[in-house]
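Encoded as structure tokens, the structure appears first; notes follow it.
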Amino acid sequence: NPNLTARLTYAQVIKRVHLRNMVRLNDKMAAASELVPNALYQLFVEDRRQNGHFYQPDHWAQPHYPHGAGRKPLLGIRAKDAITFCRWLNETEDEHWFYRLPTPNEAKALQQNGIQSRTPDQSSGYWVATSQTTRLLLAHDDHNHWQAETNFADLLTYDLNQLEGF
């Protein structure tokens with residue numbers, strides 16, 4: 001498929017740029033300067049699909065990101081998919097980095113210091129990892145402050161309760 005080939009070539013370029021733009025935080029740690037773009041995640045989706053595993057976000061109508069959204073931030077993936085994506089980066093990259101989700105404190109510091117761009121809207125957030133669980137850290141868009149650290153199961157329960165009235 002020439003369209004898929006062009007998308008994957010574009011995605012390889014986006015991946016190189018994204019990983020080259022890591023910001024060194026100290027001698028042992030660096031962080032991405034922006035959120036993971038759809039095109040980079042597409043490489044992961046295609047690689048895993050060839051092995052019979054499917055990580056396409058539920059809101060993608062096609063097996064690829066929406067047209068024109070390659071550089072836009074990836075949104076709407078599951079926590080386990082974010083963790084698997086990090087593992088995939090570690091498997092496929094020959095850089096001297098170890099990729100992982102940030103801790104809640106690291107994510108807050110990155111956001112407060114302007115190292116990572118803001119989330120696209122106030123209902124978006126970041127997956128962060130603690131020693132016990134993976135959590136969604138929500139951002140308040142108006143003032144760029146972290147609003148809450150919420151267990152994802154609590155968010156689903158809240159959403160389901162809101163739907164009961166429909």
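Throughout, residue positions are numbered sequentially from 1 according to the sequence presented.
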Quiz item: Quick one: does R49's side chain have a donor or acceptor within less than 3.5 Å of a partner on P63's backbone?
Solution: yes

Exercise. Could you walk me through whether R78 and D58 pass side chain to side chain contact (heavy atoms under 4.5 Å, CB included), step by step?
Key: CA-CA 9 Å; R78 295 172 183 88; D58 294 335; 2.7 Å; yes

Quiz item: Can you tell me if W127 uses its side chain to pair, donor with acceptor, with the backbone of I77 under 3.5 Å?
Solution: yes

Quiz item: Do other residues, nucleotides or ligands put more than 12 heavy atoms under 6.0 Å from the CG atom of D27?
Solution: no

Quiz prompt | Minimal non-hydrogen separation, P104 against A129, with atom names | solution = CD-O, 3.7 Å

Quiz prompt | Spatial distance of atom CZ (R24) from atom CE (M29) [nearest 0.5 Å] | solution = 11.0 Å

Exercise. Heavy atoms only: give me the nearest G70-P37 pair and the separation to one decimal.
Key: O-CB, 3.4 Å

Quiz item: Roughly how far, to the nearest 0.5 Å, is the CG atom of L89 from the CZ atom of R100?
Solution: 13.5 Å

Quiz item: If you count the non-hydrogen atoms of other residues, nucleotides and ligands that lie under 6.0 Å from CZ in R48, is the total more than 12?
Solution: yes

Self-check item: Worked verdict on K72 versus E34 for salt bridge (Lys or Arg N to Asp or Glu O under 4.0 Å)
Solution: CA-CA 10 Å; K72 291 185 178 177; E34 58 186 33; over 6 Å; no

Quiz item: Closest heavy-atom contact between K15 and L43?
Solution: CD-CD1, 3.7 Å

Quiz prompt | Side chains of F44 and T92 in contact at under 4.5 Å (non-hydrogen atoms) | solution = no

Practice problem: Please round to the nearest 0.5 Å and tell me the distance separating atom OH of Y41 and atom CG of D81. | Solution: 4.5 Å

Practice problem: Show your reasoning for whether side-chain hydrogen bond (donor to acceptor under 3.5 Å, both in side chains) applies to E46 and Q42. | Solution: CA-CA 6 Å; E46 289 302 320; Q42 182 73 56; 3.0 Å; yes

Quiz item: Is a side-chain N or O of Q56 found less than 3.5 angstrom from the main chain of V45, in a donor-acceptor match?
Solution: no

Self-check item: Y55 and F85 aromatic centres sub-6.0 Å
Solution: no

Quiz item: If you round to the nearest 0.5 Å, how far is CZ of R16 from CG of L40?
Solution: 9.5 Å

Practice problem: Measure across K28 and N26 and return the closest heavy-atom pair with its distance rounded to 0.1 Å. | Solution: N-OD1, 2.8 Å

Exercise. Determine, using the 4.5 Å side-chain heavy-atom cutoff (strictly less than), whether L35 and V17 are members of one ILVMFWY cluster.
Key: no

Quiz item: Under a 4.5 Å cut-off applied to non-hydrogen side-chain atoms, are Y10 and R71 in contact?
Solution: yes

Quiz item: Heavy-atom distance under 4.5 Å between the side chains of Y99 and L19, does that happen here?
Solution: yes

Quiz item: Hey, what do you get for CG (L8) to CG (N3), rounding to the nearest 0.5 Å?
Solution: 10.0 Å

Quiz prompt | N38 side chain vs A69 backbone, donor-acceptor pair below 3.5 Å | solution = yes

Quiz item: Just wondering, are more than 12 heavy atoms of other shown residues or ligands nearer than 6.0 Å to NE2 in H59?
Solution: yes

